[in-house]
Colleague: 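Before I ask anything, let me first share the structure, which is written out below as C-alpha cells.
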Protein chains: 2
Amino acid sequence: MTRGPRRATVKDVAALAGVSPKTVSNVMNETVFVRPDTRERVLAAVEELGFVPNLSARSLRNGRTGVIALALPDLATAFSADVVHRVVQVAHERGMVVQIEETAAEPKREYDLVSRAREHQIDGVILNPIRLKDSIIVHDDQLPPVVLIGEVEQHKVDRVLIDSRQAGYEVTKHLLERGARRIVAMGGETGATDATATSIQRLEGYHRALAEHGIEADPQLEVYVEEWSMVGGAEAAAELLARDTGFDAIVAFTDSIAFGALHVLDEHGISVPGDVLMTGFDDVEHARFMNPSLTTIALDRHAFAEAAVDLLLTRIADRTSPPRVVAIPHELVVRGSTTR
Amino acid sequence: MTRGPRRATVKDVAALAGVSPKTVSNVMNETVFVRPDTRERVLAAVEELGFVPNLSARSLRNGRTGVIALALPDLATAFSADVVHRVVQVAHERGMVVQIEETAAEPKREYDLVSRAREHQIDGVILNPIRLKDSIIVHDDQLPPVVLIGEVEQHKVDRVLIDSRQAGYEVTKHLLERGARRIVAMGGETGATDATATSIQRLEGYHRALAEHGIEADPQLEVYVEEWSMVGGAEAAAELLARDTGFDAIVAFTDSIAFGALHVLDEHGISVPGDVLMTGFDDVEHARFMNPSLTTIALDRHAFAEAAVDLLLTRIADRTSPPRVVAIPHELVVRGSTTR
DNA sequence: CTGAAAGCGCTTACAG
DNA sequence: CTGAAAGCGCTTACAG
C-alpha cells in the first residue's frame, strides 16, 4: 500500500486507551469480563482510529479463520443456487463468511477439502457428497468439522437431511390415489452400481408405496438418471420413450429432472397432466411457475440452511461431542401436474 | 489440535533440504530463479513432510489472501447460479478461491466490501452493483481492486459487460420482423427514478428499433419490474393485463421475468406464441427447456467469467494501470416463443 | 481483572 | 543465487 494512512493495530488502540494490547484483545473478543469503564475507553479508541482486527494475524495465532466452505456438486442448478443463497445469509448472521466450492467437475476437491481443511484456511465444511462410495468420510477418522447435507448413510459426522424414503413413498402414494398404475421412477434403478444414498432411499419409498397397493415393481419403469439436471431428465425421458412401454405417471427424483422430462414429453405430444401425471422433488421456484405447475416435495429451506450452519458452528466449538442428525420436515405440494 | 502430528513448516522443510527458510519460500513462490538441484531437494522435502504453506502467515506478511469476493444482488436466480458456477471454476484454475456475498438484502455489504476489502481479507471484488446511484464506486476514489459486471455507467473501474443497447435493439427488431406492432417492454420504464443502467440501456435499444420502424413509443406498453425475478415478472404481467391495453409481443428484460410473465399469460388463457410473442435476456438453462422454449439473448458465459476473473487478477497485480472494459459478444437465439 | 513477553509461520529487506 | 535477522499483528500462556 503506497497511499493512505497506516492501518491502526491493537498497539495503537492500546496506547490511545491507556491499556495493554491484551486488554484490547479481551474487549474485541468478549472472551472475559472487562471492567465497564476500561471497556468504554477501548471501544472509544477503536472508534476513533477506525480499528479493524487483522484476521490473518488472528488466524495465525488462534487457528480460526471465520470462513466456512460450502461444497456442492454442481453450482448451476436451481437447488444449489437456493442453498448457496440461504447458507450465505445464515452464515452472515452468525458472523461467518462462506467460501464456495464445486466438486463434481473436480472430484479431488471434495477429498482435499475434507482431508486438509486447515490448510485451506477454513474452519469447517458443509458438504453435499457426490457418491456414497467415494466419500472419504467413510474412511478417514480424523476429520475437520464437517456437516453433511443430503441422505448419506454413515454415522460419524453431523448431518442435515430429509426423510427421502418417506417422501418417495408419499409422492408415489399420491399418484396411486390419483389413479396411476404404471408409475415410472426417474432417477434411481434397482441394482444401479453407483447409486447415491438419496436415489436408493427415494426408490425404496416408491417400492413400498407400490407394494402397499399390491403392484409389483417393473424394472422397465425404473429409469436411471446419471446427471440430476434438466439435461439428464430429458435424456431419461428419451430413454423411457425408446423402451416403448406403457406408463401413466412419472416420479422424477428432482424438479430439474422433471423439467427436462416435461420438455421431451411435450415435444412428443404427450400431455401433462392429461396423458401422464408428473411429480418432482425440492420445490425449486420454477416448480410453481411451470406450465403446468409441478407437484413436488417441499421442505423448509431456511430451516435446512440454518440447521447446517448451526451444526457446523457447534462442531467447530466442540470437536468431541457425538454426531447429531437433524431431519428437516417435508410436505407434498399438489399442483397442476397431478391435477386433471 | 490435540491429535495428529504437528504440521510441517518452512523451517522443517529447510532443515530437511539443508537450505534456509528463505530458499524454501523462493521455491514455493517461484519468484526468483533457484538452482535446479536445490529446487529438487526442496520439493522432495516438501513432498516427504506433506508441507502446505500456512496461508494466514503468508497473508499476514505479504497482504495477499488468495481470496476474491463475488458479490451479487440475489444469489437465488438462475443467472446468479451460473455466474457463481463459472467464476468459481475459472478462479480455481487461477489458484484463487471465491468468497460469496449477497448484497440486495443487506445493501451496506456492498459498500463495506468495496470500502474495506483489505479488512475483509480479500484481494479484490467482482461486483454486480445494485443501483447506479447507490454505487459508491462513483464517490470513492481510493478503491481496492474491483471489477464491475453489468452495464454500469462509470469509468474509474474495470468492467465486463454486454452491449445491452444493441441487444435490446436486436430482440425488438426481431419481434417487429415477425409482425409484432404493439410490443411491451417489461423491465424498464421511461423516467423511472431508480432505473438501473442495464434497464435504461435495454429500453434505449427497444426505443431505437421502434423508431426505425416508424412506431411511436407508448408509455402504456412500458412496464416497470421492481424485482428482476419470476415473481417480479408475474406481477408485471398482472399489471400489464390490468391496464387493459392491446399488445402482441413482450420484450422481457431477463429470462426470469419472461418465465413469470409466461405463467400469468397461460393462466389467463393467452397463448405464447399463438397470441403473443415473447423474448428474454440471458439464455439461462430453463430457456431451452420451457414449453414453449424461449427466444432470448445468449452470451458466452464462460468468456464472461474468465474476463471478470482475469481483469481482477491483472488489477490486483497492477493497481495503477488505466481501467479497461471488456465487452462480451451476444447473439439472438430464436426459439419457440417467437416461432409460429 | 490486567500486564509484559513470547511466538504463530511466513516473507521482506539487507547482506553477501 | 542463498543466508541470518527481523517483523507482519494478533493471542496464548504465565504472572500478578
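Quick note on labels: first sequence line is chain A, next is B, and so on, each numbered from 1.
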Colleague: Check whether any side-chain nitrogen or oxygen of B:S25 sits under 4.0 Å from OP1 or OP2 of C:dC10, and answer yes or no.
Modeller: no
Colleague: Can you check the B:R58 CZ to C:dC8 P distance for me, whole Å?
Modeller: 18 Å
Colleague: If you check every side-chain atom of B:N54, which of D:dC10, C:dT2, C:dG9 has the closest atom?
Modeller: C:dG9
Colleague: Backbone N or O of B:S59 within a donor-acceptor pair of the A:S56 side chain at under 3.5 Å?
Modeller: no
Colleague: Give the rounded distance in Å between these two atoms: CD of A:Q121 and C1' of C:dC8.
Modeller: 12 Å
Colleague: When the distance from CE of A:M28 to C1' of D:dT12 is rounded to whole Å, what number comes out?
Modeller: 18 Å
Colleague: Is A:T23 near enough to C:dG3 that one of its side-chain N or O atoms lies under 4.0 angstrom from OP1 or OP2?
Modeller: yes
Colleague: Does A:S20 place a side-chain N or O at less than 4.0 Å from the phosphate oxygens OP1/OP2 of C:dG3?
Modeller: yes
Colleague: Kindly point out which of C:dT12, D:dT12, D:dG3 is positioned nearest to the side chain of A:N62?
Modeller: D:dT12
Colleague: Counting only heavy atoms from other residues, nucleotides and ligands, does the tally under 6.0 Å from CZ of B:R94 exceed 12?
Modeller: yes
Colleague: Rounding to an integer number of Å, can you tell me how far B:L55 CG sits from C:dG9 C1'?
Modeller: 11 Å
Colleague: Can you tell me the distance, in whole Å, between the CG atom of A:D12 and the C1' atom of D:dC10?
Modeller: 13 Å
Colleague: With the side chain of A:R61 defined as its heavy atoms from C-beta on, choose the nearest nucleotide among C:dT12, C:dC1, D:dG9.
Modeller: D:dG9
Colleague: So, is B:N29 near the phosphate of C:dT11, with a side-chain N or O under 4.0 Å from OP1 or OP2?
Modeller: yes
Colleague: Report yes or no: does A:R315 contribute a side-chain atom to a donor-acceptor pair with the main-chain N or O of A:D318 at less than 3.5 Å?
Modeller: yes
Colleague: Side chain of B:D12, backbone of B:T9: donor and acceptor closer than 3.5 Å?
Modeller: yes
Colleague: Once you round it to whole Å, what is the distance between P of C:dG9 and CG of B:L49?
Modeller: 14 Å
Colleague: Among C:dG3, D:dC10, C:dG9, find the nucleotide with the atom closest to the side chain of A:K22.
Modeller: C:dG3
Colleague: Using a 4.0 Å heavy-atom cut-off, does B:S56 contact any base of the nucleic acid, only the sugar-phosphate backbone, or nothing at all?
Modeller: nothing
Colleague: Check whether any side-chain N or O of B:N128 sits under 3.5 Å from a backbone N or O of B:L72 as a donor-acceptor pair, and report yes or no.
Modeller: no
Colleague: Are OP1 or OP2 of D:dC1 and a side-chain N or O of B:R35 less than 4.0 angstrom apart?
Modeller: no
Colleague: In whole Å, what is the span from the CZ atom of A:R64 to the P atom of D:dT12?
Modeller: 9 Å
Colleague: Given that both distances must come in under 3.5 Å, which nucleotide forms a Watson-Crick or G-U wobble pair with D:dT2?
Modeller: C:dA15
Colleague: Look at the side chain of B:N26 and decide which nucleotide, out of D:dC10, C:dG9, D:dT2, has an atom nearest to it.
Modeller: D:dT2
